[in-house]
**Q** 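Quick one: the structure is below, questions incoming.
Fair warning: this is a prediction, and the values are worked out from it, not measured in the lab.
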Amino acid sequence: MKKAIIYILASMLLYSFFYELNAMKVVFILLGLIAMFAVSLIPIKVVMGAKYPIILLSFAGTAGFFFYPQLAASYPVEPLIIFLALYSIAFYLVTMEEKGQDVYKEMGGLSILFLSASFNLAMTGKPILIIPMALSIMFFLFVLGRHKIVLLMAAYALGITIVLVCKHIPILSAGVPLREINRYILFATSFVFLAISFFRFVKQGGQTKILTFFGFLYVCIDLLLSTGLKMSGGLLYQPVIALFMVSPLIGLMLKSEVKRI
């Protein structure tokens, strides 16, 4: 019964990302639902085993852009880079919470990974996405009680915002032409998923709970910035990418219904 409710909410969330539906977009929504089901069947060891490959791929992207700056223009790497930016940091936060290393080691590791992901996003023409990413990390670390690292991330976020302004990169825009019903469904379903993931994280803990909580925290912050402040980039501006960013998170929630971790 709980799984059925999650699938219904997931279908509503995926639908609300598209302000106009056609046959192709319906196919993408179905693919997103299939991706959720597929992720829910993957053993947890396999999911968590992807932690280091995803982090290394993020660093590999940085090396690729450094030695071959035309990479983004020559190949369609933007969806992969955005995916790696979110999930590499999410997996690192899982590791950070599990190992509980010295705060300065945590600051150093997170700084390197965040700056690497930020560089990759900037090279693909998506520097605006760095802002919701930084805010998501700040709020997540605040929940964990890592207040020193929160201050560090706040400094990064402020510095990046100043750089964007100095480079005359538009941070605000006219917004996305989203219908009111889509807006209400979008916020209702995304915040329901955030609430569910938060309570599971607080009550049960575990690796998948950390991933889903941070993931939906990012989704909600991104949506708030895109609709409230009319940020000139975000998930609403690229619904197909958003669909395949969100689907694995819901798949992990479905997995926790089958086996609590």
**Q** What is the minimum heavy-atom distance between Leu243 and Gly32, and which atoms define it?
**A**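 Distance-wise, the nearest heavy atoms are CD2-CA, 3.5 Å.
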**Q** Measure from the side-chain N and O atoms of Ser40 to the backbone N and O of Phe37, and report whether any donor-acceptor pair falls under 3.5 Å.
**A**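 Pair found, side chain donor or acceptor close to backbone of Phe37.
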**Q** Side-chain contact test, heavy atoms from C-beta onward, threshold under 4.5 Å: evaluate it for Leu194 versus Ser197 and give yes or no.
**A**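 Touching, per the 4.5 Å side-chain cut-off.
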**Q** Give the C-alpha distance, both sets of side-chain angles, the deciding distance and a yes or no for side chain to side chain contact (heavy atoms under 4.5 Å, CB included) between Leu129 and Gln238.
**A** CA-CA 12 Å; Leu129 296 181; Gln238 40 209 355; 3.8 Å; yes
**Q** Measuring from atom CZ of Arg146 to atom CG of Leu151, what distance do you get when rounded to the nearest 0.5 angstrom?
**A**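 Here the rounded value is 14.0 Å.
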**Q** With clusters defined by side-chain heavy atoms of hydrophobic residues (ILVMFWY) lying less than 4.5 Å apart, directly or transitively, does Phe199 cluster with Ile196?
**A**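 Yes, it is one cluster - the side chains of Ile196 and Phe199 are joined through contacts under 4.5 Å.
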**Q** Flag yes if more than 12 heavy atoms outside Phe139 fall under 6.0 Å of its CZ atom; otherwise flag no.
**A**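 No, CZ of Phe139 has 12 or fewer neighbouring heavy atoms, counting only those of other groups under 6.0 Å.
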**Q** According to salt bridge (charged side-chain N to carboxylate O under 4.0 Å, His left out), who are the partners of Lys126, at least two apart in sequence or on a separate chain?
**A**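 Once residues adjacent in sequence are excluded, the partners of Lys126 under the salt bridge (charged side-chain N to carboxylate O under 4.0 Å, His left out) criterion are Glu78.
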**Q** Would you mind reporting whether Phe198 and Leu217 have side-chain heavy atoms less than 4.5 Å apart?
**A**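 Side chain of Leu217 against side chain of Phe198, heavy atoms only: no contact under 4.5 Å found.
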**Q** So does Phe119 have more than 12 non-hydrogen atoms from other groups sitting under 6.0 Å from CZ?
**A**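 Count over threshold, so yes.
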**Q** Leu141 versus Leu93: any side-chain heavy-atom pair under 4.5 Å?
**A**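 Of all side-chain heavy-atom pairs linking Leu93 with Leu141, at least one is under 4.5 Å.
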**Q** Report yes if some heavy atom in the side chain of Ile149 is under 4.5 Å from a heavy atom in the side chain of Leu144; otherwise report no.
**A**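 SC-SC contact between Ile149 and Leu144 ruled out.
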**Q** Drop me the distance from Phe59's CZ to Ile54's CD1, to the nearest 0.5 angstrom.
**A**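 Here the rounded value is 13.0 Å.
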**Q** I need the Ile241 CD1 to Ile81 CD1 distance, nearest 0.5 Å.
**A**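 Output value for this atom pair is 11.0 Å.
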**Q** Using side chain to side chain donor-acceptor pair (under 3.5 Å) as the criterion, list what pairs up with Tyr7, not counting sequence neighbours.
**A**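 If we apply the side chain to side chain donor-acceptor pair (under 3.5 Å) test to Tyr7, skipping adjacent residues, there are no hits.
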**Q** If I take atom CZ from residue Phe140 and atom CG from residue Leu135, how far apart are they, to the nearest 0.5 angstrom?
**A**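 Separation between the atoms: 15.0 Å.
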**Q** Are Leu33 and Met36 close enough, and set up right, to give a side chain to side chain contact (heavy atoms under 4.5 Å, CB included), and what steps lead you there?
**A** CA-CA 5 Å; Leu33 293 172; Met36 294 175 200; 3.9 Å; yes
**Q** Is the side chain of Ser88 donor-acceptor paired with the backbone N or O of Ile55 at a distance under 3.5 Å, no angle test?
**A**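 No: the side chain of Ser88 does not pair with the backbone of Ile55.
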**Q** Has the side chain of Thr95 got a donor or acceptor atom that lies under 3.5 Å from a matching backbone atom of Phe91?
**A**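 Pair found, side chain donor or acceptor close to backbone of Phe91.
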**Q** Which pair of heavy atoms, one from Leu211 and one from Met48, lies closest together, and at what distance?
**A**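 Of all heavy-atom pairs spanning Leu211 and Met48, the closest is CD1-SD, 4.1 Å.
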**Q** Closer than 3.5 angstrom, by distance alone: can the side chain of Arg200 be matched with the main-chain N or O of Met253 as a donor-acceptor pair?
**A**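 Judged by distance alone, yes, a pair lies under 3.5 Å.
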**Q** Does the side chain of Val202 come within less than 4.5 Å of Phe213's, by heavy atoms?
**A**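 Side chain of Phe213 against side chain of Val202, heavy atoms only: no contact under 4.5 Å found.
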**Q** Ignoring hydrogens and geometry, is there a side-chain-to-backbone donor-acceptor pair from Asn120 to Ser58 under 3.5 Å?
**A**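 Side chain of Asn120 to backbone of Ser58: a pair is present.
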**Q** Can you tell if the side chain of Glu106 reaches within under 4.5 Å of the side chain of Leu110, non-hydrogen atoms only?
**A**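 Counting from C-beta outward, Glu106 and Leu110 never come under 4.5 Å.
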**Q** Please give me the minimum heavy-atom distance between Phe214 and Ala90, naming the atom from each residue.
**A**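 Shortest heavy-atom separation between Phe214 and Ala90 comes out as CD2-CB, 3.6 Å.
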**Q** Between Leu13 and Ile250, is a side chain to side chain contact (heavy atoms under 4.5 Å, CB included) present by the stated rule, with each step listed?
**A** CA-CA 11 Å; Leu13 176 60; Ile250 301 176; 4.3 Å; yes
**Q** How far does CD1 of Ile8 sit from NZ of Lys3, to the nearest 0.5 angstrom?
**A**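 Reported to 0.5 Å precision, the distance equals 13.5 Å.
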**Q** Is there a path of hydrophobic side-chain contacts, each under 4.5 Å between heavy atoms of I/L/V/M/F/W/Y residues, joining Phe142 to Val103?
**A**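 Linked, Val103 and Phe142 end up in one cluster.
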**Q** When hydrophobic residues are tied together by side-chain contacts of less than 4.5 Å, even through go-betweens, does Met107 share a cluster with Leu115?
**A**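 Cluster IDs for Met107 and Leu115 match.
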**Q** Please give me the minimum heavy-atom distance between Gly49 and Pro53, naming the atom from each residue.
**A**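 Minimum heavy-atom separation between Gly49 and Pro53: O-CD, 3.3 Å.
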**Q** Provide the closest heavy-atom pair for Val150 versus Met138 in the form atom of the first, atom of the second, distance.
**A**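 Shortest heavy-atom separation between Val150 and Met138 comes out as CG2-O, 3.6 Å.
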**Q** Is Asp222 reaching over with its side chain to a backbone N or O of Leu235, donor-acceptor style, under 3.5 angstrom?
**A**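 Yes; judged by distance alone, with no hydrogens or angles, the pair exists.
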**Q** Looking at Leu121, is its backbone amide N or carbonyl O close enough to the side chain of Thr124 to form a donor-acceptor pair, meaning the two atoms are under 3.5 Å apart?
**A**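 Checking the backbone N and O of Leu121 against the side chain of Thr124, a donor-acceptor pair under 3.5 Å is found.
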**Q** Taking atom OH of Tyr104 and atom CG of Leu152, what is their separation to the nearest 0.5 Å?
**A**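 With rounding to 0.5 Å, OH (Tyr104) is 11.0 Å from CG (Leu152).
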**Q** Counting C-beta onward and ignoring hydrogens, is there a side-chain heavy-atom pair between Phe193 and Thr212 closer than 4.5 Å?
**A**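 No, side chains not in contact.
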**Q** Name all residues meeting the ring pair (Phe, Tyr, Trp, His ring centres under 6.0 Å) criterion together with Phe83; count only those two or more places apart in sequence or in a different chain, and write none if there are none.
**A**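 Only Tyr87 meet the ring pair (Phe, Tyr, Trp, His ring centres under 6.0 Å) criterion with Phe83.
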**Q** Please evaluate residues Phe114 and Ile130 with respect to the criterion side chain to side chain contact (heavy atoms under 4.5 Å, CB included), reporting the C-alpha separation (whole Å), side-chain torsions for both, the decisive distance (0.1 Å), and the verdict.
**A** CA-CA 9 Å; Phe114 174 75; Ile130 302 171; 3.7 Å; yes
**Q** Any sub-3.5 Å donor-acceptor pair from Ser190's side-chain atoms to Leu186's backbone N or O?
**A**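 A pair under 3.5 Å: yes.
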**Q** Can Tyr68 be reached from Leu84 by stepping across I, L, V, M, F, W or Y side chains whose heavy atoms are under 4.5 Å apart?
**A**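 Looking at the clustering, Tyr68 is in the same group as Leu84.
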**Q** Please say yes or no: joined through hydrophobic side-chain contacts below 4.5 Å, possibly via intermediate residues, are Met24 and Tyr15 part of one cluster?
**A**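 Looking at the clustering, Tyr15 is in the same group as Met24.
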**Q** Quick one: are Met133 and Leu86 in side-chain contact, heavy atoms under 4.5 Å?
**A**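 Counting from C-beta outward, Met133 and Leu86 do come under 4.5 Å.
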**Q** Is there a donor in the side chain of Ser111 and an acceptor in the side chain of Tyr156, or the other way round, less than 3.5 Å apart?
**A**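 Indeed, the side chains of Ser111 and Tyr156 share at least one donor-acceptor pair under 3.5 Å.
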